[in-house]
Protein chains: 2
Amino acid sequence: MADISRPSTSPGASPLFLREDEIRRGVELLYFGYTRLTNAIDQVLARQGLGRAHHRALYFIARQPDLTVGELLRLLAITKQSLGRVLKELHERDMVITRPGQVDRRQKLLRLTEKGAALEADLFAQLQEKLSAAYVSAGQESVTGFWHVLEGLVPESDRQMVFDLRKDRD
Amino acid sequence: MADISRPSTSPGASPLFLREDEIRRGVELLYFGYTRLTNAIDQVLARQGLGRAHHRALYFIARQPDLTVGELLRLLAITKQSLGRVLKELHERDMVITRPGQVDRRQKLLRLTEKGAALEADLFAQLQEKLSAAYVSAGQESVTGFWHVLEGLVPESDRQMVFDLRKDRD
DNA sequence: GAGATATGTCAGCCATGTTGACGTATCTTG
DNA sequence: CAAGATACGTCAACATGGCTGACATATCTC
């Protein structure tokens, strides 16, 4: 481990110190970048009386229509009770509908209504605005590097689930 | 806005669809990458009966000893009541000490005790383990791209504050 | 000396996570 | 076909960590 307190040595004097600084830089940028990006949607959500938890559900349902409740639970990594509350509220507001699975009728397939899709699109537009500005200012090469590092943060066991979001299933 | 439901068009057929996919990929990787990284420290925190909020305070105090309460408030972007609770608990556990500012005696300068520094080092070690593995698997070029994109997510008005963390002030 | 500033604190509320227990419909398998 | 596993829902209680509003104190600045 690098020396955390880093006494009065000049910065960069040792490869170990350099390493720590690179890690802290990543931790900080991830923290500020992530929070600032999510801040972008708070105003839109507040207007609807909804929170971040609702957005996460809307997002993944938009991303993968006919997602089952179980799949959504695995993506969000929360308890079914927590998710139940969120889905109930989205259902009451006519933003999400469910229908029984074709192959397995115990499952509920989730879809956004027009109203739900409209809100998700509005929220996505905010994210898009911030993130595409960051992409443009950093350049395409940086964007692929950005992806690669983040992919490395996702544990092997979750990677397939995350990558599967990019497959069309409609 | 691009068509969210993306009917039966082949992916990549239009620049607009491509753009949307690149944005969604970033949003998802940021979400999963950030949450998986923060998950890395939960076990250590739980052992101490502390939460994420305590970690954020410990982290920034470790990063910038003699930080004032006001500076920490700006970094965390929470209310003084919320921060007060956290600092009080860290103080009670002898992890943080304060002393009056030299130049402005209304200020309180924050520092970690040995015990606090030891915990922060332990937490940092977990972050380091995950993040350096991601850095290694992505390669140095990717790391700088990763930084650049994230820097672009931090609004102009906050950028100085974030970059100042990298300056030594001891 | 008056007002601004840095900090603390009381009290109550809200969003969103947790555990544990239990119920129902449906699927799968011996 | 009966038994057990699975997918989903729900009740209740609780924890964490945000929030607002109001008010107090010490210190700095003009």
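In the text below, chain A, chain B and the rest are named by the order of the sequence lines, each starting its count at 1.
- A/V69 and A/L83 get closest at one heavy-atom pair: O-CD2, 4.1 Å.
- Between the side chains of B/Q140 and B/Y135, no donor-acceptor pair of N or O atoms lies under 3.5 Å.
- Atom C1' of nucleotide D/dA15 and atom CD1 of A/I78 are separated by 16 Å, given to the nearest angstrom.
- Between B/S82 and D/dC19 there is a side-chain N or O to OP1 or OP2 distance below 4.0 Å.
- As a whole-Å value, the separation of B/K88 NZ from D/dT16 P is 15 Å.
- Nucleotide C/dT18 holds its P atom 16 Å from the CD atom of B/Q43, rounded to whole Å.
- One finds a side-chain N or O of B/K108 lying less than 4.0 angstrom from the OP1 or OP2 phosphate oxygen of C/dG8.
- A straight line from NZ of B/K80 to P of D/dA26 spans 15 Å, rounded to a whole angstrom.
- As judged by a 4.0 angstrom heavy-atom cut-off over every strand, B/R85 is placed among the base-contacting residues.
- Checking the phosphate oxygens (OP1, OP2) of C/dG17, a side-chain nitrogen or oxygen of A/R56 falls inside 4.0 Å.
- B/L109 has its CG atom 19 Å from the P atom of D/dA26, to the nearest Å.
- A straight line from CG of A/L76 to P of C/dT18 spans 10 Å, rounded to a whole angstrom.
- Taking atom CZ on A/R52 and atom P on C/dA15, their separation rounds to 14 Å, with Å as the unit.
- Counting any heavy atom pair closer than 4.0 Å across all strands shown, A/H54 reaches sugar-phosphate atoms only and no base atom.
- In this model, the phosphate group of C/dT7 is not approached by any side-chain N or O of B/R106 to a distance below 4.0 Å at OP1 or OP2.
- When distances are taken from the side chain of B/Q107 to each of D/dA7, D/dT27, C/dT7, the shortest belongs to C/dT7.
- Checking A/R93, A/Q48, A/E89 one by one against A/H54, the side-chain hydrogen bond (donor to acceptor under 3.5 Å, both in side chains) holds for a single residue, A/E89.
- Side-chain atoms of A/T79 lie closest to C/dT19 of the nucleotides C/dT7, D/dC8, C/dT19.
- No donor-acceptor contact under 3.5 Å links the side chain of B/Q81 to the base of C/dG12.
- As a whole-Å value, the separation of B/D42 CG from C/dG17 C1' is 12 Å.
- Along DNA chain C, the nucleotide nearest to A/L83 and the one nearest to B/V69 differ in position, and the one closer to the 5' end is contacted by B/V69.
- When every heavy atom of B/H148 is checked against every heavy atom of A/S142, the shortest pair comes out as ND1-OG, 3.6 Å.
- A/L30 pairs with exactly one of B/L150, B/L127, B/L153 by the side-chain contact (heavy atoms from CB on, under 4.5 Å) rule, that one being B/L150.
- Heavy atoms of A/G70 sit under 4.0 angstrom from primed sugar atoms or phosphate atoms, though from no base atom.
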